[in-house]
Amino acid sequence: MAVTQSASAHWEGSLIEGKGNVNLDTSKSGSFDIDWKARAEEAGGKTSPEELIAAAHSSCYSMALSHALTGAGTPPTSIDTNAKVTFKAGDGIIGIHLTVRANVPGLSAEGFQEAAEGAKANCPVSKALAAVENITLDAALV
């Protein structure tokens with residue numbers, strides 16, 4: 001069964017002086033202000049497409065890793081993933097760095113690295129972001 005999620009954005013004005021907001025329509029869990037400065041300079045209490053991509057990637061990656069570990073017979077106690085999405089005006093998204101720390105009883109560091117790399121390759125959001133040339137991973141057990 002396929003599930004469709006929805007978000008919407010409203011924008012007013014030019015790219016540089018304009019402003020808008022993005023709404024999480026499916027969950028109705030938030031409306032967030034957006035503008036160019038938040039995207040290209042500093043957040044200033046606003047979000048950006050890249051922050052939303054980071055949220056999507058870190059949550060999807062954590063789920064994919066949990067699924068892989070559980071399927072291999074070593075379910076995790078916890079997984080903490082941070083995604084840093086780098087945007088450069090004129091070039092777009094130039095990199096994504098995932099940092100994952102997990103507690104996985106009974107799993108070796110080598111086994112964890114293998115599972116972490118597999119989740120990076122197979123996470124649906126990673127696949128959707130395949131056009132980003134530089135997606136890196138720092139994975140370690142805690």
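Because the structure is a prediction, the values reported are computed rather than measured. All residue numbers in this chain count up from 1 along the given sequence.
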Residues at least two apart in sequence or cross-chain that pass salt bridge (charged side-chain N to carboxylate O under 4.0 Å, His left out) with Lys88, listed by chain then number, are Asp91
With the 4.5 Å side-chain cut-off for hydrophobic clustering, are Ile53 and Val132 part of the same group?
yes
Provide the closest heavy-atom pair for Leu98 versus Ala83 in the form atom of the first, atom of the second, distance.
CD2-CB, 3.6 Å
Are Tyr61 and Leu141 linked, directly or through other ILVMFWY residues, by side chains that come within less than 4.5 angstrom of each other?
yes
Quick check: is Val142 connected to Leu107 through a chain of hydrophobic side chains (ILVMFWY, heavy atoms under 4.5 Å apart)?
no
For the NZ atom of Lys120 and the CG atom of Leu65, what is their distance to the nearest 0.5 Å?
13.0 Å
For Glu133, look at atom CD and say whether over 12 heavy atoms of other residues, nucleotides or ligands are found less than 6.0 Å away.
no
Considering all heavy atoms, the nearest Thr81-Ser62 contact
OG1-OG, 2.8 Å
Minimal non-hydrogen separation, Ala139 against Phe112, with atom names:
CB-CE2, 3.7 Å
Within-4.5 Å side-chain heavy-atom neighbours: Arg39 and Ile34:
no
Phe32 side chain reached by Lys46 side chain, heavy atoms, under 4.5 Å
no
How about Val100 and Leu137: do any of their side-chain heavy atoms sit closer than 4.5 Å?
yes
Can you tell me how far apart SG (Cys123) and CE (Met63) are? Round to the nearest 0.5 Å.
9.5 Å
Please round to the nearest 0.5 Å and tell me the distance separating atom CG of Leu129 and atom CD1 of Ile96.
4.5 Å
For the residue pair Ala38 and Thr47, what are the closest heavy atoms and their distance?
CB-O, 3.7 Å
Between Asp25 and Ser8, is there a donor-acceptor pair closer than 3.5 Å when you use the side chain of the first and the backbone of the second?
yes
Nearest heavy atoms of Ser29 and Leu24, plus distance in Å:
OG-CD1, 3.6 Å
same_hphob_cluster(Leu52, Phe87) at 4.5 Å side-chain heavy-atom cutoff:
no
Polar side-chain atom of Thr86 near backbone of Ile94 as donor-acceptor pair, under 3.5 Å:
no
Thr74 side-chain N/O to Leu69 backbone N/O, donor-acceptor pair under 3.5 Å
yes
Closest non-hydrogen contact found for Gly111 with Ser108 is N-OG, 3.0 Å
Answer whether the closest heavy-atom distance between the side chains of Val85 and His57 falls below 4.5 Å.
no
Does the pair Glu12 and Asn21 meet the rule for a side chain to side chain contact (heavy atoms under 4.5 Å, CB included), with working shown?
CA-CA 9 Å; Glu12 295 177 359; Asn21 63 29; over 6 Å; no
Ser58: which residues meet the side chain to side chain donor-acceptor pair (under 3.5 Å) condition with it, sequence neighbours left out?
none
Output yes when a side-chain donor or acceptor of Ser6 lies under 3.5 Å from a complementary backbone atom of Thr26, and no otherwise.
no
Within the 4.5 Å heavy-atom criterion, are Lys19 and Asp33 side-chain neighbours or not?
no
